[in-house]
Number of protein chains: 2
Amino acid sequence: MDQAAAPPRRPARSAAARPGSGRATIASLAQRAGVAASTVSRALRDDARISPEVRARITALAQEAGYTPNILARSMVLGRSGLIGLVLGPVENPFYAELMQQAVRLAAARGCRLLLLHAGPGPIEDATTEALLQYRVDGCLVTSAELSSKAAAICAANSVPLVMINRVAREHGSAVSCDNRAGAEVLAELLLQAGHRRLAVVTGNAATSTGRERTEGFCQSVAAAGGEAPALFTGGASHAAGFAAGQRIAALPAAERPDAVFAVADILAMGVIDALREAGLKVPGDVSVVGMDGISLAQRPPYRLTTLVQPLEAMVARGLDLLLTGIEHGAGAAPQERVLLRGTLRLGASCRLPGSPLPPSGIPDAALPAAE
Amino acid sequence: MDQAAAPPRRPARSAAARPGSGRATIASLAQRAGVAASTVSRALRDDARISPEVRARITALAQEAGYTPNILARSMVLGRSGLIGLVLGPVENPFYAELMQQAVRLAAARGCRLLLLHAGPGPIEDATTEALLQYRVDGCLVTSAELSSKAAAICAANSVPLVMINRVAREHGSAVSCDNRAGAEVLAELLLQAGHRRLAVVTGNAATSTGRERTEGFCQSVAAAGGEAPALFTGGASHAAGFAAGQRIAALPAAERPDAVFAVADILAMGVIDALREAGLKVPGDVSVVGMDGISLAQRPPYRLTTLVQPLEAMVARGLDLLLTGIEHGAGAAPQERVLLRGTLRLGASCRLPGSPLPPSGIPDAALPAAE
DNA sequence: GTGCGTTGTGCAATCGTTAGCATGGATTCT
DNA sequence: AGAATCCATGCTAACGATTGCACAACGCAC
């Protein structure tokens with residue numbers, strides 16, 4: 001059964017059929033340089049023990065051969081793939097597209113690459129969760145997508161660090177988000193100081209913590225100021241949902257109609273504005289509208305939305321750093337944090353301003369200072 | 001130098017410090033099942049030679065241990081990583097966000113995962129190209145981003161199949177795109193038949209083939225119909241660029257002002273419309289505006305854009321299939337194709353229609369048939 | 001001249017998986 | 001009954017990279 005001593009070594013696979021053929025490997029470089037593979041590895045990784053002339057020779061050879069290290073092989077030894085899973089929410093909201101762009105850039109700056117696991121509405125499939133494990137992702141960045149608790153449990157069981165961005169923390173994983181309550185309060189105060197008394201909120205998807213926090217923060221702030229409770233209009237996470245809510249608002253008799261609307265996301269606010277204007281109402285003349293997120297499209301005409309800008313770059317950077325320290329510290333050792341970052345108010349021309357009865361409509365965006 | 005015979009086998013690394021600790025492997029399953037590793041591998045891969053009872057025992061054990069195969073290790077043997085690189089253009093254009101969403105979904109359906117290499121404007125960094133090789137990507141999907149010819153050459157040298165979507169083919173790689181010329185011709189005919197005679201084109205980024213083809217197709221079609229050459233306005237790839245062009249158009253004296261504008265991308269068209277309306281002009285009353293791409297935001301009020309919809313899903317699917325057959329056939333063997341798919345006209349309410357002097361503004365989008 | 005520290009390289013094991021061949025027992029054919 | 005066949009499984013060599021340890025060769029001090 002156990003054949004004694006050295007069996008003859010012959011290649012199990014013909015050299016011609018070998019996959020990835022042609023690419024230089026450490027072994028091929030070693031052979032050409034007449035040194036051992038370990039020497040090549042050390043020379044390319046700037047190990048101090050390699051003599052300068054050998055290193056020079058090897059790096060020149062590697063350059064000439066167009067050598068690229070196989071990260072997959074390295075990952076096996078190191079136990080780290082350098083991959084970070086990315087789970088994106090509904091990209092019909094430009095906020096997530098902007099987030100993605102930041103994520104790619106900042107991850108690359110940290111020496112990581114993103115494995116795009118999911119994008120769009122709907123829950124995450126089981127196959128996706130499996131892929132996350134199969135590719136030995138070092139960690140996973142999750143935006144407002146519906147990460148099932150099953151998926152979260154699987155990550156926890158396999159000690160894959162999880163960081164949510166723009167979403168409340170689960171049992172497992174840290175979270176980075178804008179201080180939604182504080183932000184909503186800033187907007188509530190702005191509207192109240194501008195003299196608005198009949199307020200409304202167009203809510204987001206009831207399932208997302210972000211939407212709930214913004215709604216609650218706004219309403220509590222109004223209540224604290226002694227204002228009348230805002231009317232709530234069911235929204236969603238799209239322009240269409242905002243438009244529908246705007247139509248309902250516009251259809252109200254003038255006496256009951258709110259004179260200021262807080263839409264919990266910019267994309268919603270754009271829909272609201274479009275519906276109001278289509279119904280013949282003036283924004284901000286008849287109704288003030290404010291949003292939250294700070295997407296670039298909403299900043300432009302014809303919206304010039306007053307909104308609370310999320311510190312997107314900082315949020316993503318913080319999220320990645322949390323992930324990386326979590327990876328560093330070994331699996332589940334890292335404490336699970338909830339990080340809140342303050343947004344900044346961007347004054348546009350979609351709402352009445354405290355001082356003037358009507359905002360000048362021609363203010364260039366850049367000239368407007370962002371409040372604290 | 002060469003110590004004779006079997007050296008004592010001891011672990012090079014302490015078991016505690018072993019990375020990826022805790023996760024079940026084929027070896028650990030084999031030990032627990034009392035069989036060889038190869039048997040486990042075969043049982044899990046449904047090799048016909050494994051007896052039913054052994055397979056049942058092993059699959060049960062794998063299930064219980066929460067075993068997930070390590071694709072990185074598998075890739076080394078198979079020579080295929082199952083990874084497809086994704087290079088996205090400026091995501092400020094929602095078209096690319098929609099494309100990405102399709103790409104994730106369709107790649108997953110084909111058993112592949114996307115490595116997100118680049119997103120946004122600007123050229124691809126060298127480090128990005130390197131990552132593409134390091135992770136042994138099976139192929140790469142490229143959208144309108146600026147893939148340098150250096151990067152393309154590197155892919156060719158390493159026989160990484162390349163497929164461009166919405167962009168002309170390079171020396172190396174296939175390409176899938178909408179038939180931009182034909183699409184632009186459809187739009188030109190539509191405008192001419194509606195009685196427009198003073199036409200204008202808001203161009204895209206001069207560097208992109210897509211923009212050039214659309215501009216040329218439109219102008220040639222007008223010329224063929226004996227129309228006056230359209231005035232060209234430099235655009236770009238953003239709402240802001242469209243807005244700026246719209247302002248220039250609106251500033252013209254009424255006698256010189258075009259009465260119909262073709263913007264080579266929907267996002268541009270939105271900017272044009274916003275600028276024209278802000279200047280007090282009516283769309284489509286005073287000026288008709290049509291776009292091209294078919295992004296969902298442009299379909300909604302207040303734009304209701306008439307546009308040529310790119311068959312996004314088909315384009316991405318075709319691109320992936322081209323990539324996969326290229327991978328199948330072994331590196332550079334696959335012929336390099338250029339695939340053109342026809343778009344479909346979507347009639348909105350942003351332009352005058354051939355029959356009626358003015359389009360009814362309240363047509364529900366769904367009720368409008370898409371022309372051939 | 002022996003002993004010792006330094007320095008640069010090589011050897012071999014290892015990560016987790018797959019696949020070619022060997023093997024041993026059961027079955028079937030002549 | 002002996003031989004040929006077949007089936008299920010085990011052994012082992014890869015894939016490409018990293019790394020602990022062994023070990024030559026060299027210089028230096030005593």
Side-chain angles (χ1 to χ4, degrees), chain A residues 1-15 17-21 23-30 33-45 47-55 58 67-81 134-136, chain B residues 1-15 17-21 23-31 33-45 47-55 57-58 67-81 134-136:
Chain A
M1 189 212 275
D2 198 341
Q3 50 186 128
R9 298 203 168 199
R10 40 175 161 40
R13 197 191 310 258
S14 80
R18 187 167 37 205
S21 55
R23 292 209 207 172
T25 68
I26 282 211
S28 74
L29 289 180
V35 298
S38 48
T39 302
V40 175
S41 171
R42 281 192 266 256
L44 295 176
R45 294 178 67 74
D47 191 304
R49 295 178 304 181
I50 300 295
S51 69
E53 55 267 24
V54 171
R55 162 167 323 135
I58 292 179
Y67 169 76
T68 319
N70 185 333
I71 288 225
L72 275 43
R74 177 183 293 171
S75 307
M76 290 189 56
V77 180
L78 267 48
R80 284 183 43 175
S81 62
Q134 288 179 338
Y135 279 96
R136 296 299 190 262
Chain B
M1 189 214 278
D2 198 343
Q3 51 186 123
R9 298 202 168 199
R10 42 174 161 39
R13 197 191 311 257
S14 80
R18 187 167 37 205
S21 55
R23 291 208 207 174
T25 68
I26 283 208
S28 74
L29 289 180
Q31 197 178 7
V35 298
S38 48
T39 302
V40 175
S41 172
R42 282 192 266 255
L44 295 177
R45 293 177 67 76
D47 191 303
R49 294 177 304 180
I50 299 296
S51 69
E53 55 268 24
V54 171
R55 164 172 317 138
R57 193 154 52 90
I58 291 179
Y67 169 76
T68 319
N70 185 333
I71 290 223
L72 275 43
R74 176 183 295 172
S75 307
M76 289 188 58
V77 180
L78 267 48
R80 283 184 45 177
S81 62
Q134 289 179 338
Y135 279 96
R136 295 301 190 261

query = If you check every side-chain atom of A/Val77, which of C/dG16, D/dG10, D/dA17 has the closest atom?
reply =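 The listed nucleotide nearest to A/Val77's side chain is D/dA17.
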task = Please tell me which of the listed nucleotides, C/dT18, C/dC15, C/dG10, lies nearest to the side chain of B/Leu78?
result =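 Nearest to the side-chain atoms of B/Leu78, counting from C-beta on, is C/dT18.
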Is there a donor and acceptor pair closer than 3.5 Å between the side chain of [X] and the base of [N]?
X: A/Arg42; N: C/dG8; answer: no
X: A/Arg23; N: D/dG16; answer: no
X: A/Ser75; N: C/dC15; answer: no
X: B/Ser38; N: D/dC11; answer: yes

[X] vs [Y] side-chain heavy atoms within contact, under 4.5 Å:
X: B/Asn70; Y: A/Tyr135; value: no
X: B/Val35; Y: B/Arg57; value: yes
X: A/Thr25; Y: A/Leu29; value: no
X: A/Ser51; Y: A/Arg55; value: no

request  = Could you tell me whether the side chain of A/Ser81 and the main chain of A/Arg136 form a donor-acceptor pair under 3.5 Å?
outcome  =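 Yes, A/Ser81 side chain to A/Arg136 backbone: donor-acceptor pair under 3.5 Å.
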Whether A/Ser75 side chain and A/Ile71 backbone form a donor-acceptor pair below 3.5 Å =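 Judged by distance alone, yes, a pair lies under 3.5 Å.
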ask   = Where each residue is assigned the nucleotide of DNA chain D containing its nearest heavy atom, which of A/Ser41 and B/Ala73 is assigned the position nearer the 5′ end?
value =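 Going by which nucleotide is closer to the 5' end, it is B/Ala73.
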query = Mapping A/Arg49 and B/Ala48 onto DNA chain D by nearest heavy atom, which one lands closer to the 5' end?
reply =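 Residue closer to the 5' terminus by nearest nucleotide: B/Ala48.
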B/Ala37 to B/Ile26 - nearest heavy-atom pair and separation =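 So the two residues come closest at O-CG2, 3.5 Å.
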Given atom [atom1] of [X] and atom [atom2] of [N], what is their separation to the nearest angstrom?
X: A/Arg55; N: C/dT7; atom1: CZ; atom2: C1'; answer: 13 Å
X: A/Arg80; N: C/dT14; atom1: CZ; atom2: C1'; answer: 19 Å
X: B/Glu53; N: D/dA8; atom1: CD; atom2: C1'; answer: 10 Å
X: B/Leu72; N: D/dT18; atom1: CG; atom2: P; answer: 14 Å
X: B/Arg45; N: C/dA19; atom1: CZ; atom2: P; answer: 6 Å
X: B/Ile50; N: C/dA19; atom1: CD1; atom2: P; answer: 13 Å
X: B/Met76; N: C/dA19; atom1: CE; atom2: P; answer: 14 Å
X: A/Asp47; N: D/dA17; atom1: CG; atom2: C1'; answer: 14 Å

Examine [N]: is either OP1 or OP2 under 4.0 Å from a nitrogen or oxygen in the side chain of [X]? Give yes or no.
X: A/Thr39; N: C/dG10; answer: yes
X: A/Tyr135; N: C/dG16; answer: no
X: B/Arg74; N: C/dG16; answer: no
X: B/Ser51; N: D/dT9; answer: yes

query = Bend angle of the helix from C/dG1-D/dC30 to C/dT30-D/dA1 from five-pair axes at both ends, rounded to 10°?
reply =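 For the helix from C/dG1-D/dC30 to C/dT30-D/dA1, the axes at either end differ by 60°.
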ask   = Using 4.0 Å as the upper bound for N to carboxylate O, is an ion pair formed by A/Arg49 and A/Asp47?
value =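 Result for this pair is yes, salt bridge flagged.
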